[in-house]
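Notes for the one structure printed next.
The figures that follow rest on heavy atoms only: side chains count, while hydrogens, waters and symmetry mates do not.
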Protein chains: 2
Amino acid sequence: MTIDLTEAPTTSIPDVFDPTCSSRHALELIASKWAMLIISALEEGPMRNAALMRRLGDVSQKMLTQTLKELERNGLVIREDKKTVPPHVEYSLSPVGRSLSETLLVLDRWAETHFATLDAARERYDAERER
Amino acid sequence: MTIDLTEAPTTSIPDVFDPTCSSRHALELIASKWAMLIISALEEGPMRNAALMRRLGDVSQKMLTQTLKELERNGLVIREDKKTVPPHVEYSLSPVGRSLSETLLVLDRWAETHFATLDAARERYDAERER
DNA sequence: GCAATTACGCACCTTTTGGTAACTATAGAA
DNA sequence: TTCTATAGTTACCAAAAGGTGCGTAATTGC
């Protein structure tokens with residue numbers, strides 16, 4: 001008799017370092033430029049498609065729709081279709097989405113605070129190897 | 001006389017929503033599954049290549065090297081080559097890297113806390129459309 | 001009647017990400 | 001002598017991310 005451990009159930013304590021743990025999937029979902037920015041933007045309040053495009057600056061219609069759909073699918077974003085013509089669709093954060101946006105805003109602040117340090121390091125690194 | 005605004009300098013207040021702002025680049029750097037996990041892992045202390053592979057569980061040698069190199073280039077990770085044979089290379093967090101890891105750990109905790117909510121939402125969403 | 005508006009869907013294409021396998025060098029162990 | 005371990009690199013290939021342009025619906029304004 002042999003015991004197959006490859007399909008063993010995930011350990012009781014969730015761990016993002018465990019590739020089979022579902023929390024890893026949750027992390028991968030938000031480890032995306034557009035997902036992060038969309039959730040941060042929606043923290044300012046419900047927004048329509050066009051408003052989000054303006055806020056994000058350079059997202060394509062395709063990527064915006066695609067990312068919003070994934071976020072809605074995972075319950076982070078709520079999509080409300082007023083079913084009018086011309087269309088009127090509003091996106092907002094769900095309670096879970098809002099619990100995430102707080103942390104993401106901290107990340108935004110980190111980027112805005114330390115980007116100059118990264119820029120300098122990158123310049124030093126590149127200058128050293130191009131010789 | 002025409003004024004070209006396309007190359008206008010970035011505003012004085014850094015903003016991740018401004019595509020031309022360098023802080024956006026910083027955000028994109030860490031908006032990556034492997035970058036996030038590597039920095040979180042290094043928070044536990046300096047690690048060698050093989051130890052990181054074990055900790056991350058399912059990263060390929062190629063992606064690990066590639067991501068570490070980008071993080072080193074931007075000054076988040078410090079690479080110390082002891083120049084011995086067989087090779088001995090240690091990776092650790094720089095001060096900026098450490099300032100980031102604190103926030104990333106909060107993200108990890110978020111994923112480990114709320115993944116079940118996401119799983120449930122996803123299942124509901126998929127069940128509704130496959131009919 | 002014609003154009004604009006809105007939030008998409010779809011087809012096509014390019015770029016980036018990621019995986020696999022083979023190769024490098026040398027010390028120490030079997 | 002051959003095997004193992006170390007931390008990579010390179011070439012090749014598959015998959016995912018991402019961009020562009022076109023089509024769609026009905027209502028409002030000209």
Side-chain angles (χ1 to χ4, degrees), chain A residues 17 19-20 24-39 41-42 46-74 77-92 122 125 129, chain B residues 6 19-20 24-39 41-42 46-74 77-92 122 125 128-130:
Chain A
F17 287 113
T20 70
R24 177 74 155 259
H25 174 272
L27 195 69
E28 287 178 31
L29 178 72
I30 57 179
S32 130
K33 173 173 70 161
W34 297 129
M36 281 191 177
L37 287 172
I38 287 174
I39 293 175
L42 288 180
M47 278 192 204
R48 299 177 62 178
N49 178 72
L52 275 168
M53 292 212 75
R54 253 176 285 119
R55 191 75 183 98
L56 303 197
D58 64 344
V59 71
S60 69
Q61 177 64 67
K62 183 191 165 186
M63 284 314 295
L64 179 58
T65 311
Q66 191 176 302
T67 311
L68 279 169
K69 201 181 283 179
E70 262 305 291
L71 293 177
E72 188 205 356
R73 185 163 97 103
N74 285 271
V77 159
I78 295 167
R79 189 189 116 110
E80 189 197 351
D81 188 344
K82 298 214 197 296
K83 293 189 189 303
T84 60
V85 170
H88 184 124
V89 178
E90 272 211 348
Y91 294 96
S92 57
R122 213 178 324 123
Y125 184 97
R129 337 256 141 174
Chain B
T6 57
T20 69
R24 177 76 154 256
H25 174 271
L27 195 69
E28 288 178 32
L29 178 71
I30 58 179
S32 132
K33 173 172 71 159
W34 297 131
M36 281 191 176
L37 287 172
I38 287 174
I39 293 175
L42 288 180
M47 277 190 205
R48 299 176 62 176
N49 178 73
L52 274 169
M53 293 212 75
R54 254 176 283 119
R55 191 73 182 100
L56 303 196
D58 63 344
V59 70
S60 68
Q61 176 65 65
K62 183 191 165 188
M63 284 314 296
L64 180 58
T65 311
Q66 192 175 302
T67 311
L68 280 169
K69 202 180 281 179
E70 262 306 289
L71 293 177
E72 188 204 356
R73 184 163 97 104
N74 285 271
V77 158
I78 296 166
R79 189 189 117 111
E80 190 198 350
D81 188 343
K82 299 215 196 295
K83 294 191 189 303
T84 60
V85 170
H88 184 125
V89 178
E90 272 211 346
Y91 294 97
S92 56
R122 214 178 324 121
Y125 185 97
E128 258 179 51
R129 338 254 140 176
E130 76 172 20

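Using a 4.0 Å cut-off on heavy atoms, the residues of residues 79-86 of chain B that approach DNA chain D are B/Arg79, B/Pro86, listed by number.
In this structure, B/Met63 places its CE atom 12 Å from C1' of D/dA16, rounding to the nearest Å. Note: CD (B/Glu90) to C1' (D/dT6) measures 14 Å, nearest angstrom. Per the geometry, CD belonging to B/Gln66 stands 18 Å off P belonging to D/dA7, to the nearest Å. Atom CG in B/Leu29 sits roughly 11 Å away from atom P in C/dT17 (whole-Å rounding). If you measure from atom CG of A/Leu68 to atom C1' of C/dA7, you get 11 Å, rounded to the nearest angstrom. Here the C1' atom of nucleotide D/dG19 and the NZ atom of A/Lys33 are 11 Å apart, to the nearest Å. Rounded to whole angstrom, the span from the CG atom of A/Leu52 across to the P atom of C/dT6 amounts to 14 Å. If you take CD of B/Gln61 and P of C/dA22, they are 16 Å apart, rounded to a whole angstrom.
Taking 4.5 Å as the limit, every side-chain heavy atom of A/Trp34 sits out of range of all side-chain heavy atoms of A/Leu64. Residues A/Leu37 and A/Val59 have side chains not in contact (no heavy-atom distance under 4.5 Å, counting atoms from C-beta outward). In this structure the side chain of B/Leu56 reaches within 4.5 angstrom of the side chain of A/Phe17, judged on heavy atoms. Side-chain atoms of B/Leu42 and B/Leu71, non-hydrogen and from C-beta on, never get closer than 4.5 Å to each other. Contact check for B/Ile38 versus B/Glu70: no side-chain heavy atoms found under the 4.5 Å cut-off. For the pair A/Arg79/A/Val89, a side-chain contact is recorded, criterion being any heavy-atom separation below 4.5 Å from C-beta on.
Screening A/Lys83, A/Lys82, A/Glu80, A/Arg48 for a side-chain hydrogen bond (donor to acceptor under 3.5 Å, both in side chains) involving A/His88 leaves a single residue, A/Arg48.
Looking at which nucleotide of DNA chain D each of A/Pro87 and A/Ser60 is closest to, the 5′-most match is held by A/Ser60. When the nearest nucleotides of DNA chain D are assigned to B/His88 and A/Lys62 by heavy-atom distance, the more 5′-ward of the two goes with B/His88.
Side-chain N/O atoms of A/Lys69 include one lying less than 4.0 angstrom from OP1 or OP2 on C/dG9. Between C/dT6 and A/Arg48, no contact under 4.0 Å exists linking OP1 or OP2 to a side-chain N or O.
Closest to the side chain of A/Asn49, from the set D/dG8, C/dG18, C/dC8, is C/dC8.
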